Amino acid sequence: MISACEQIKISALKQNVPYPIERAERVQTKYGETVLATLRAESPQTFLKVFLPRRYGVLFSDEELQRINEKTLSLSLKYLGTNTTTNSYILELE
C-alpha cells in the first residue's frame, strides 16, 4: 500500500543515502529521452520519483529496466552531491 508518492529533484535527496530503485522506465521529456526512477524513501510506504540526468539514463539497457521492474535486479541510487565546476549531479548506482 502506497501512502505517498511525489516527484522531486535529485538535489532534494539526502546525500550519501542509498535509495532502492523500485521501478524505472524510459520516458521522453522536452529535453530528450531519459529514465524516470521510482525510489523507496526512508518510510516503506513513501516513494519518490526522480528524472535521472541523460548521462545516467543511457547507462540502463531496456533489459536492465525490465529486470528492475520484475524485481530480478536490485539497485540503489545514491546522491553524492553536485560538482562545483559544472553544477552536475554526482550519482552512484549500487
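One is the number of the first residue; the rest follow in order along the sequence. All values below come from the heavy atoms of this structure, side chains included, with hydrogens, waters and symmetry mates left out. Just so you know, these numbers come straight off a predicted model, no measurement behind them.
A single hydrophobic cluster is seen to contain both Ile68 and Ile10, as judged by linkage of ILVMFWY side chains at heavy-atom distances under 4.5 Å, directly or through other members. A single hydrophobic cluster is seen to contain both Leu93 and Tyr79, as judged by linkage of ILVMFWY side chains at heavy-atom distances under 4.5 Å, directly or through other members. Each of Leu80 and Val50 belongs to its own hydrophobic cluster when Ile, Leu, Val, Met, Phe, Trp and Tyr are linked at side-chain heavy-atom distances under 4.5 angstrom.
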Side-chain donor-acceptor pairs under 3.5 Å in residues 34-41, sequence neighbours left out?
unit_1	atom_1	unit_2	atom_2	d
Thr34	OG1	Leu52	O	2.4
Arg40	NE	Glu22	OE2	2.9
Arg40	NH2	Glu22	OE2	2.4

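Judged purely by atom type and a 3.5 angstrom limit, Arg23 has no side-chain atom pairing as donor or acceptor with the backbone of Lys49. Thr72 places a side-chain N or O within 3.5 Å of a backbone atom of Arg67 that can act as its donor or acceptor partner. With hydrogens and angles disregarded, no donor-acceptor distance shorter than 3.5 Å links the side chain of Asn83 to the backbone of Ile90. A donor-acceptor pair under 3.5 Å is formed between the side chain of Thr29 and the backbone N or O of Tyr31.
Note that the CG atom of Leu75 and the CD atom of Glu94 stand 9.0 Å from one another [nearest 0.5 Å]. Separation of atoms OH (Tyr19) and NZ (Lys14) is listed at 6.0 Å; rounding is to 0.5 Å. Here OG1 of Thr46 is found 9.5 Å from CD of Glu42. Values are rounded to the nearest 0.5 Å. Taking CG of Leu65 as the start and CG of Leu73 as the end, the distance is 9.5 Å to the nearest 0.5 Å. Put simply, OH on Tyr56 and CG on Leu91 are 4.5 Å apart, with the number rounded to the nearest 0.5 Å. Rounding to the nearest 0.5 Å gives a distance of 5.0 Å between NZ of Lys78 and CD of Glu92.
Between Arg26 and Glu33 there is a side-chain heavy-atom pair separated by less than 4.5 Å. Contact check for Lys9 versus Phe51: no side-chain heavy atoms found under the 4.5 Å cut-off.
Partners of Glu70 according to the salt bridge (Lys or Arg N to Asp or Glu O under 4.0 Å) rule, which considers only residues two or more places apart in sequence or in another chain, do not exist here.
Side-chain atoms of Thr86 and Tyr89 form no donor-acceptor pair, as typed in the model, at a separation below 3.5 Å.
The shortest non-hydrogen separation linking Leu77 to Leu13 is CD2-CD1, 4.3 Å. Closest approach of Ser88 and Arg55 over heavy atoms only: CB-NH2, 3.2 Å. Scanning both residues, Ser76 and Pro20, for their nearest heavy atoms gives OG-CA, 3.6 Å. Scanning both residues, Phe60 and Glu64, for their nearest heavy atoms gives CA-OE1, 3.4 Å.
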> Under the side chain to side chain contact (heavy atoms under 4.5 Å, CB included) criterion, do Phe47 and Glu6 qualify, and how do the steps go?
Replying inline: CA-CA 7 Å; Phe47 293 89; Glu6 65 178 293; over 6 Å; no
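The local environment of NZ in Lys71 is crowded, with over 12 non-hydrogen atoms from other residues, nucleotides or ligands closer than 6.0 Å.
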